[in-house]
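Chain identifiers are assigned alphabetically (A, B, ...) following the order of the sequence lines, protein sequences preceding nucleic acid strands; residue numbering begins at 1 within each chain.
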There are 2 protein chains.
Amino acid sequence: MKSVSSFIPAYYRLAEDLKQKIESGELKPGDVIPSESQLAKQYQVSRMTVRQGVALLAKEGFIESIQGKGSFVTVPRMDTLVLRFSENNLLGESKTLQVKLLDVGVIAADRKISAKLAVSPGTRILKMKRLLLADEGPVAVDSRFLPYVKGVPLLEREMEYAAFPDLVARNTNLVSARNNFKVSASILLKEEAELLEAKVGLPALCVEQIIYASNDQPIGWSKMICRGDRFTLTAVSHPF
Amino acid sequence: MKSVSSFIPAYYRLAEDLKQKIESGELKPGDVIPSESQLAKQYQVSRMTVRQGVALLAKEGFIESIQGKGSFVTVPRMDTLVLRFSENNLLGESKTLQVKLLDVGVIAADRKISAKLAVSPGTRILKMKRLLLADEGPVAVDSRFLPYVKGVPLLEREMEYAAFPDLVARNTNLVSARNNFKVSASILLKEEAELLEAKVGLPALCVEQIIYASNDQPIGWSKMICRGDRFTLTAVSHPF
DNA sequence: CAGTGGTCTAGACCACCCT
DNA sequence: GGGTGGTCTAGACCACTGG
């Protein structure tokens, strides 16, 4: 039944049909949708094709299939949000992001760093500090800490511009597996205020990232202090 | 080939095999994985079964399929984070979240509200203000604004405890479609400080949510001020 | 037990990409 | 043209749920 007209796939039509029934309220959250064999008859397609459409809706969060029972309409969860955090979205209106490498070097892990990166105190740690500037001026200062890996030189440009997860991956030759991301409220301390050309005490967002390898070993820690008047974080529920 | 042993599905085994090859570095980002027909031969399964496995890996972000070219290993994007925001994760260690309804009523939309909710100034708006308390004490104050819908009474308990998106859905009889979520840095003003039993000027997180219906009409606005010393937001990259 | 979704087959034709 | 992934079929058996 792929015949003649309709350039759009059958499974897609079916999915859109059901989606429309859900959005219009004809099918309400908790309702069962027709069984796969019923849909196959209705739409004159094979069951595997129905399954493809149903799987699409499930992936998009509109329905949930339960073996032996049926497929049920769900409310897309609006408390599950997707947050894209790249340095580019530190920019507000401004189009250009500049990065200034303030400091880079190898240090010995102090107590705090050794805790964060789960290494012994004294371990050699690659540290770098950067200043991020938009058109309006400084937006954030960022400190990054990676266990020092010998024989893996990082280029200055990488240190300046690479996104933190990418930098970590480059440094360790490992596929990083997880990014633990934390946002907290803070105010500018003296040193930060000077770098960010703002007053001490200005509200600030503190964004902390810890990258883990697949073996759950932390392989990178980053802490970014952002001027609250020049930066907000945004997220949106399901990005279909 | 579903025979005898192996309680785990063939497509799942195949997916795990490939995943392991990716995580071990045998397959690196950018590499092509074997074609579907090759995999079908290798694993002695039908091509549809291979496709199911490949689709699973694609859904999980490990590979990307491109028609006419092949399927390629991708780096799971670590700058795409999933943030679960329910009032329960306002709790730190504490187990009990209490909510106190401070104020509720119908008001006329002022300039700010009419802008946020895209309604004419003066439109009747249901407003409520709540205080959220954990074991340690107050954590956040939350103001919620919904266009007033007559004939849809909300119970006090709903107003107290319903998550904001759910509350909006209940109020409008609409399936809400999108949640625009914004986090910014702030400090406690006098009124907030009093309610939160903290000093004026304490760092705070401001969480703003605007819920949209499927027709892109805003149908709810919420603004929550959280004590920075008692609340942080966390997110994590792909939640498989 | 009947009905549901989950897995699987062995084919087929298509759209697309590259050479 | 030859290879790739995308769509689709018409069956089959399985695992699970419920009455």
(message) If you take any heavy atom closer than 4.0 Å to DNA chain D, which residues from residues 49-57 of chain A end up in contact?
(response) A/Thr49, A/Gln52
(request) Would you mind listing every side chain to side chain donor-acceptor pair (under 3.5 Å) that reaches into residues 64-73 of chain A, with sequence neighbours excluded? (result) A/Ser65-A/Ser71
(message) Holding to salt bridge (Lys or Arg N to Asp or Glu O under 4.0 Å), I want the full list of residues that pass it with B/Lys127, two or more places apart in sequence or in another chain.
(response) none
(message) Rounded to whole Å, how long is the line connecting atom CD1 of B/Ile33 with atom P of D/dG3?
(response) 18 Å
(message) In this structure, how many angstroms lie between the P atom of D/dT9 and the CE atom of B/Met48, rounded?
(response) 10 Å
(message) Please list all pairs meeting side chain to side chain donor-acceptor pair (under 3.5 Å) that have one or both residues in residues 27-36 of chain B, counting only residues at least two apart or in different chains.
(response) B/Ser35-B/Ser37, B/Glu36-B/Arg47, B/Glu36-B/Arg51
(message) According to salt bridge (Lys or Arg N to Asp or Glu O under 4.0 Å), who are the partners of B/Glu26, at least two apart in sequence or on a separate chain?
(response) none
(request) Can you tell me the distance, in whole Å, between the CD atom of A/Glu64 and the P atom of D/dC16? (result) 17 Å
(message) Tell me the interatomic distance from A/Ile63, atom CD1, to C/dG6, atom C1', rounded to whole angstroms.
(response) 14 Å
(request) Let me know the distance between OH of B/Tyr43 and C1' of C/dT7, rounded to the nearest Å. (result) 18 Å
(request) Whole angstrom is fine here: how far is it from CD1 in A/Ile8 over to P in D/dT7? (result) 12 Å
(message) Please give me every residue in residues 35-42 of chain B whose heavy atoms get under 4.0 Å of an atom in DNA chain D, ordered by residue number.
(response) B/Ser35, B/Glu36, B/Ser37, B/Gln38
(message) If you take any heavy atom closer than 4.0 Å to DNA chain C, which residues from residues 65-73 of chain A end up in contact?
(response) A/Ser65, A/Ile66, A/Gln67, A/Gly68, A/Lys69, A/Gly70, A/Ser71
(message) How many whole angstroms separate atom CZ of B/Phe7 from atom C1' of D/dC16?
(response) 15 Å
(message) A/Thr80: which residues meet the side-chain hydrogen bond (donor to acceptor under 3.5 Å, both in side chains) condition with it, sequence neighbours left out?
(response) B/Arg84
(message) Test of understanding: with side-chain contact (heavy atoms from CB on, under 4.5 Å), list the residues that count as partners of B/Ala40, not counting sequence neighbours.
(response) B/Val50
(message) Tell me every residue that passes salt bridge (Lys or Arg N to Asp or Glu O under 4.0 Å) with A/Lys100, counting only those two or more places apart in sequence or in another chain.
(response) none
(message) Expressed as a whole number of angstroms, how long is the span from B/Arg47:CZ to D/dC8:C1'?
(response) 11 Å
(request) Report yes or no: do A/Thr234 and B/Asn180 form a side-chain donor-acceptor pair below 3.5 Å? (result) no
(request) Would you please confirm or rule out a distance under 4.0 Å between OP1 or OP2 of D/dC8 and any side-chain N or O of A/Tyr11? (result) no
(request) Check side-chain hydrogen bond (donor to acceptor under 3.5 Å, both in side chains) between A/Asp17 and all other residues, then give those that pass, not counting sequence neighbours. (result) A/Tyr43
(request) Give me the ring orientation class for A/Trp221 and A/Phe145: parallel if the planes are under 30° apart, tilted from 30 to 60°, perpendicular past 60°. (result) parallel
(request) Return each pair, listed once, that meets ring pair (Phe, Tyr, Trp, His ring centres under 6.0 Å) where at least one residue sits in residues 14-34 of chain B; pairs must be two or more places apart or across chains. (result) none
